[in-house]
2 protein chains.
Amino acid sequence: MRSSEKGKALEDEGRQALSRGLATAWGVKDRPGKGPKPGLSLERIVEVAVQVAETEGLSAVSMSRVATVLGAGTMALYRYVESKEELLMLMMDAAFREHPLPPAPDEPWRVAVERWARQHLAVLRKHPWVVRIALGGPPITPNQVVWFERGMSSLSGTGLPEMAKLDSLSLINGWVRHEAMLEADLREAERRAGTNAAEALTSYWHTLGVLTDVQRFPALSALVAAATSDAAATSDAQFTFGLERILDGIAHVGKRRGPQRRTPRSVRQKRNHPPAGT
Amino acid sequence: MRSSEKGKALEDEGRQALSRGLATAWGVKDRPGKGPKPGLSLERIVEVAVQVAETEGLSAVSMSRVATVLGAGTMALYRYVESKEELLMLMMDAAFREHPLPPAPDEPWRVAVERWARQHLAVLRKHPWVVRIALGGPPITPNQVVWFERGMSSLSGTGLPEMAKLDSLSLINGWVRHEAMLEADLREAERRAGTNAAEALTSYWHTLGVLTDVQRFPALSALVAAATSDAAATSDAQFTFGLERILDGIAHVGKRRGPQRRTPRSVRQKRNHPPAGT
DNA sequence: AGCCTACTGCGTACGCCATACGCTTTACTG
DNA sequence: CAGTAAAGCGTATGGCGTACGCAGTAGGCT
């Protein structure tokens, strides 16, 4: 497939599959230029919506709020976007406007993948509202697709079959999102309670300790004891731990271990869905 | 701490920290029996709310909807629950009413952990609305705490330090939730489009193929080619792949590998937040 | 030149939502 | 049997997303 063919293909069938805002985002649009010139632009709308989310949280993002900031009527937005859900999708895409660096040549896959994951996490930390948006399927918006591409290419050094790479990326992606969600929860808890994160955590362990007795909850009791004696809180350590485990796990695909063995063949077995998120 | 002390402690300080509904859920409640008898019960309310979510989706769950089913006024619910958010929290807890089997004695940790993860996923598959609820922090409701306990205890065979076990559980938990979310997304997409999941997937790969050209997206092009040639879709394979990777990774903690090494000491380094979700 | 018509802008309206407030009714405590 | 604390609940407020349809604009065609 050459690029020109793609352009034609997009014009022909891309638009019928893609919704209004998505088509604009991909730069596929028939501008017949018939009626009055559009007074707004999708870019501005998304930009304003992001700004609102950034400063007042995702819950402050409403169609009327965004329209008011733009000095337009609420319904004007629906000329550019099919629904609020689509706006959210595009906001999310905007958050990934800055692309991750492509893997350097000869870079070990492990380094490349770790960088990708950390850059992903950095984006989600910078825009905490992103993880509050339910991703409604696999990545389809322009920037998300770029991240998807870069993620896959950072895994190419593993030599895994395509589908195993996909599954691996999904695993990493899930971990990044999970971590970002926890952090967002914690931040919100501290904002609501007016305390800092460390206090919120201490208070959690305390409450859990009160709620659980040793007989019924031996494992938790041990955990609470260990947690309360240990002090400082860094989410980074938890994230790093999980990431290392995942990378170790990927590195060991196909290596036999212990009694039950699984060769990489087991990996190819069936099809599954693509990773959502980035 | 003995159990009786716990009971007292709960009465004293548990209630001030716990919100109304949570206190009831834990069975900590001062029923002074002053006013009229409550006409409803928290249990019934949550049960009805769950039923609505089960049959019509989470978005159909509103205070007035639940109240109507119960034959009560909307505001009556607020005698039992502090806010809708709390109701959602309790609904989530109710979904985990059936507890996972505790690890059998002498059971290898790997088997126990895998069972825990699969049972967790089974719950989320049975109640897809659960993953749509943003978990607002670490587990604090009764059933979730039991799952938390069982998860930790299934990891006790690893011999890892408490905090590493916690981090591991969080990793597994994140993967389970991520997988369940993807499946829920897919199910919703197929419901909305009126097609089955396989078609939705095919259509996704097709769209992605149209959107991406080989020069700009080499890795994705390769993936799309592999994906479209491969047919059947099972989410289970993807989940299993990730889970195996994680378990491998956990099993290899502390084992040196390659040039850069990380001993288990690096695992203990700092504190981090507890796993949310179960 | 001027009409046609596709398109944009946007006001109005509808049916939801969560929940603050305060009045009425109830039933236990002293 | 009074006092009072709690429950029930109607009303009201201030949102929300979006369906609908009218009015006005400007490019394309005759």
Side-chain angles (χ1 to χ4, degrees), chain A residues 15 19-21 23-24 29-46 48-49 52-53 56-91 129 132-134 136 192, chain B residues 15 19-21 23-24 29-46 48-49 52-53 56-91 129 132-134 136 192:
Chain A
R15 205 152 34 69
S19 57
R20 180 164 7 193
T24 312
K29 220 24 190 318
D30 44 338
R31 259 313 280 106
K34 250 322 186 34
K37 301 234 163 69
L40 302 172
S41 77
L42 187 58
E43 244 184 28
R44 289 256 318 126
I45 292 172
V46 172
V48 165
V52 171
E56 302 173 54
L58 190 63
S59 62
V61 176
S62 73
M63 297 309 262
S64 72
R65 181 84 174 69
V66 172
T68 303
V69 174
L70 286 162
T74 306
M75 295 314 288
L77 304 188
Y78 286 94
R79 291 284 164 196
Y80 303 85
V81 135
E82 213 118 77
S83 64
K84 186 185 181 181
E85 195 191 330
E86 199 185 83
L87 175 57
L88 292 175
M89 194 178 182
L90 293 169
M91 288 172 63
W129 48 269
R132 299 291 182 213
I133 302 173
R192 219 182 299 195
Chain B
R15 205 155 31 72
S19 58
R20 180 163 9 192
T24 312
K29 217 30 190 314
D30 45 337
R31 256 316 276 108
K34 248 327 183 31
K37 300 233 164 72
L40 302 171
S41 76
L42 187 59
E43 242 182 31
R44 289 254 322 124
I45 292 172
V46 172
V48 165
V52 171
E56 303 174 53
L58 190 63
S59 62
V61 176
S62 73
M63 298 308 263
S64 72
R65 182 83 173 70
V66 172
T68 303
V69 174
L70 286 162
T74 306
M75 296 313 289
L77 304 189
Y78 286 94
R79 291 282 162 196
Y80 302 84
V81 134
E82 213 116 78
S83 64
K84 186 185 180 181
E85 196 191 329
E86 199 184 82
L87 175 59
L88 292 175
M89 194 177 181
L90 293 169
M91 288 171 64
W129 47 270
R132 299 290 183 214
I133 302 174
R192 220 183 299 196

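What you see is a predicted model; the values in this text were computed from it and never measured. Within every chain, numbering begins at 1; the chains are lettered A, B, ... in the order of the sequence lines, protein sequences first and strands thereafter.
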Between P of D/dA7 and CZ of B/Arg44, the distance in whole Å | 18 Å
Within-4.5 Å side-chain heavy-atom neighbours: A/Leu40 and A/Leu77 | yes
For nucleotides 10-15 of chain C, list the nitrogen or oxygen atoms of the protein found under 3.5 Å from its nitrogen or oxygen atoms, one pair per line.
from   : atom 1 : to      : atom 2 : distance (Å)
C/dC10 : N4     : A/Arg79 : NH2    : 3.4

With B/Glu56, which residues qualify under salt bridge (charged side-chain N to carboxylate O under 4.0 Å, His left out), at least two apart?
-> B/Arg65
Are any of the side-chain heavy atoms of A/Leu58 and A/Leu88 separated by less than 4.5 Å?
-> yes
Name every residue in residues 83-91 of chain A that has at least one heavy atom under 4.0 Å from any atom of DNA chain C, in order of residue number, or write none if there are no such residues.
-> none
Separation of C/dC23 C1' from B/Tyr78 OH (nearest whole Å) | 19 Å
Around A/Arg132, counting heavy atoms of other residues, nucleotides and ligands shown, do more than 12 lie under 6.0 Å from its CZ?
-> yes
Set of residues satisfying side chain to side chain donor-acceptor pair (under 3.5 Å) with respect to B/Ser62, sequence neighbours excluded | B/Ser64
Do side-chain atoms of B/Tyr80 reach the backbone of B/Ile45 as a donor and acceptor pair under 3.5 angstrom?
-> no
Atom CZ of B/Arg65 to atom C1' of C/dA18: distance rounded to whole Å?
-> 17 Å
Find the distance B/Glu56:CD to C/dC16:P and express it as a whole number of Å.
-> 13 Å
Can you sort out the partners of A/Glu82 under salt bridge (charged side-chain N to carboxylate O under 4.0 Å, His left out), two or more places apart, ordered by chain and number?
-> A/Arg20
Between atom CG in A/Leu77 and atom P in D/dG17, what is the gap in whole Å?
-> 10 Å
Can you tell me the distance, in whole Å, between the CG atom of A/Leu58 and the P atom of D/dC16?
-> 13 Å
In chain order, what residues pass the side chain to side chain donor-acceptor pair (under 3.5 Å) check against A/Ser41, with sequence neighbours excluded?
-> none
